[in-house]
Number of protein chains: 2
Amino acid sequence: MGDKRRPAAKGKTPATIYDIARITGVNPSTVSRALNQPGRVSASTEQRIREAAADLGYRTNPMARALPTGKTGTLGLLVSDLTNPVYFDLVRGAERIAREHDAMLIFADSQESAELERSTAERLQIAVDGLLLVASRLEDAQIQDLAAAKPIVAVNRPVPGVPSVAPDVRPGMVEALDLLHGLGHRRLAYLAGPEASWMNGMKWVTAHDLAVDRSMSIVEIQTAAPTREGGTDAFAAVMAADATAVLAYNDLVALGLLGACRRHGVDVPRDLSLIGFDDIFGADLSAPALSTVRCSWGDMGSRAVAKLLGAIEGDASGAELNLPTEFVARDSVAAPRP
Amino acid sequence: MGDKRRPAAKGKTPATIYDIARITGVNPSTVSRALNQPGRVSASTEQRIREAAADLGYRTNPMARALPTGKTGTLGLLVSDLTNPVYFDLVRGAERIAREHDAMLIFADSQESAELERSTAERLQIAVDGLLLVASRLEDAQIQDLAAAKPIVAVNRPVPGVPSVAPDVRPGMVEALDLLHGLGHRRLAYLAGPEASWMNGMKWVTAHDLAVDRSMSIVEIQTAAPTREGGTDAFAAVMAADATAVLAYNDLVALGLLGACRRHGVDVPRDLSLIGFDDIFGADLSAPALSTVRCSWGDMGSRAVAKLLGAIEGDASGAELNLPTEFVARDSVAAPRP
DNA sequence: CTGAAAGCGCTTACAG
DNA sequence: CTGAAAGCGCTTACAG
């Protein structure tokens, strides 16, 4: 009976609190309380209700709960380009903490497009309790607008007035530049990332200042994309710059450049020292193994989710969190040819 | 007015169809029709309603819609271990198609645990329209049970009666074994994956049959985990097997073994030929670059989502889809020492 | 073409 | 401690 509007396809309709109420002879509201506000209901009824729930394989319907409460129990994760392996550590870290808190993760890719990012964020926002914006290409004001609607945590970039988690690139870069300087390098090149990336600006400024402090010259070399291909294509420009060492925006472009060097007979590290950024999967696999500046993206992910969960609870600690970086010495750095 | 229960934190309440109805002076049901069933409403009212909606920045609330329709507009993606880079491609492919169809992707990791997989799948199922089970560790019957509740597509493994997408490993392996045989190899080893993995069984059986056909011997060597570490730890066992070539369950274990070989002074490919599986990011980065059998995981992801979307629409083509594999020749294979 | 009503499954003041 | 009611935002027969 009661089989009037069968749910399109297959599947017996899942049990509801009404089913439990009927079986145990209580009001549905009591079922709801028993299941969600332990103590608000007598121990014996709660017991009976729980048993009935287990019998029926009852699962509370998150959609139905979301309506009156406004809480969906899901978090949105919006990254600028899912193609970059660093995000996998991030996603993993985020997923871990989300699971610990019984939250689900919805995620999406904005393909390095600010416009797509904005529209996706808006679409996502209505379905989630909060949003993680990773390596956002939006302007501060746009992010602040979004943050006015629902909690947001910016990852890999600070935004005034919005909680954020980002690496502090300085310590790792200090180590890197000190090493290069000590080895005798004096002419550096910075292989840049996307212009719209806040983090790219940060790395360039830091590298620049650190180089100047140490009386080294440094030039910025553009790439078409922060990918292996972008690095490969920048080979000629790098050669033209006549630097003895290059710092790359990320491991991907570094690896791309490394491949091009090999194909062109440029010996890394003898002819050119190379330092990447991120320590992605595979950075230790290349020949020579890539030296890099590491920041734990897994930590960034878990910290960001924790922060977001806090913000959703009303924890207004809109602070900026910075995670340390460190230099990872491998085989792509050596003294320059005399 | 009407500001009684302000949504906990911040954020103005999003516009609803009631707001639009009030502004345009029509019934909410008409708003709903105008927005979702173009043509069911006069052109002029539809026009006015759309404008009002745009003005208010209206977004339909997916939770609210899910309740009467039973459709959430989201798909679940459950993988056995998010740590494996092959899944990046899969996730990417899945995300692309999902986005094209305005579906959102919720995803979760079962950490190679069948029990965790089952409970997560159940939890997920109530929140999604359909589920993608990737490299499931469940038994056929368990998957069939889940599939009775809501549409499921199994990825990287067939399940009787359940739609699936999986690679056909044969063509790629035939190429690989032919090459090895032609080069003079006669003693092979198969570096295994998880015992609970259907795909591991498939690869072993295929390798075995193909080897026997070609009068080559082959032994199976267990690994503790289908990871780089698992491959590294299997080094001694591989050496003890006295094979001249090893086929690995996946690139991860192959890469792990490759690293161990290097550290122990075993020359790949002169002392030992090595063939991986998957062609993950980084497989071409190692020294020597890893030869491997490739299947496009990106395709698997997009095909699987397309199939799932079809199943949700009631498209009962519960078929099994097999995607071809191919051998990718790189530098880790050579003739055995005489 | 459009309105009024009922219902999706849950939560939560409000009474008692 | 528990019931009855109202409401969350939408959809969809049912009338007209």
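Order of the sequence lines sets the chain letters (A, B, ...), proteins ahead of strands, with each chain counted from 1.
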Atom CE of A:Met63 and atom C1' of C:dT11 are separated, to the nearest Å, by 16 Å
How would you list all residue pairs meeting ring pair (Phe, Tyr, Trp, His ring centres under 6.0 Å) that involve residues 102-146 of chain B, not counting sequence neighbours? A:Phe107-B:Phe107
Side-chain contact check for B:Pro68: nearest option of C:dT2, D:dG9, C:dT11 is D:dG9
How long is the line joining CG of B:Asn61 and P of C:dC8, in whole Å? 18 Å
So, is A:Ser32 close to the C:dC10 phosphate, meaning a side-chain N or O under 4.0 Å from OP1 or OP2? no
Is any NZ, NE, NH1 or NH2 atom of the basic residue among A:Arg92 and A:Glu95 found under 4.0 Å from an Asp or Glu carboxylate oxygen of the other? no
Give A:Ser42 one of three labels, base, sugar-phosphate or nothing, depending on what nucleic acid heavy atoms sit under 4.0 Å from its own. sugar-phosphate
For B:Thr30 and A:Thr45, find the nucleotide of DNA chain D closest to each by heavy atoms; which residue's nucleotide sits nearer the 5' end? A:Thr45
D:dA4, C:dG9, C:dG3: which one has an atom nearest the side-chain heavy atoms of A:Asn27? D:dA4
Roughly, in whole Å, what's the span from CG in B:Leu35 to P in C:dC1? 17 Å
Ignoring hydrogens and angles, does a donor from either the side chain of A:Tyr18 or the base of C:dC10 sit under 3.5 Å from an acceptor on the other? yes
Do the side chains of B:Asp102 and A:Arg123 get close enough for a salt bridge, i.e. N-O under 4.0 angstrom? yes
Taking C:dA4, D:dC10, C:dT12 as options, the one with an atom nearest any side-chain atom of A:Arg33 is C:dT12
Measure CD/B:Gln47 against P/C:dC1 and give the value in whole Å, please. 16 Å
For atom CD1 of A:Ile17 and atom C1' of D:dT2, their distance in whole Å: 14 Å
Nucleotide nearest A:Gln37 when distance is taken to its side chain, options C:dG9, D:dC10, C:dT12: C:dT12
Under 4.0 Å, heavy atoms only, any strand: does B:Ser29 hit a base, just the sugar-phosphate, or nothing? base
Between A:Ser302 (side chain) and A:Asp299 (backbone), is there a donor-acceptor pair under 3.5 Å? yes
With a 6.0 Å cut-off (strictly less than), is the heavy-atom count around CD of B:Glu100, excluding the residue itself, greater than 12? yes
Atom pair distance, as rounded to whole Å: CG in B:Leu67 and P in D:dG7: 17 Å
Can you tell me if the side-chain N/O atoms of A:Asn36 get under 4.0 Å from OP1 or OP2 in C:dT11? yes
D:dC10, D:dC14, C:dC10: which one has an atom nearest the side-chain heavy atoms of A:Arg65? C:dC10
Parallel, tilted or perpendicular: which describes the rings of B:Tyr87 and B:Trp297, with under 30° parallel and over 60° perpendicular? perpendicular
Symbol by symbol from the 5' end, with Watson-Crick or G-U pairs under 3.5 Å, [ ] crossing and | another strand, DNA chain C is |||.||||||||.|||
Select base, sugar-phosphate, or nothing to describe what B:Thr16 touches, counting heavy atoms under 4.0 Å on all strands. sugar-phosphate
Quick note, A:Thr69 side chain, CB onward, closest among D:dT12, C:dT12, D:dG9 is C:dT12
Report the residue (A:Arg40 or B:Gly25) whose heavy-atom-nearest nucleotide on DNA chain C is the more 5′ of the two. B:Gly25
Please report the distance, rounded to the nearest Å, between CZ in A:Arg59 and C1' in C:dG9. 16 Å
Answer yes or no: does atom CD of A:Glu139 have more than 12 heavy-atom neighbours from other residues, nucleotides or ligands under 6.0 Å? no
Are the side chain of B:Asp129 and the backbone of B:Leu75 linked by a donor-acceptor contact shorter than 3.5 Å? no
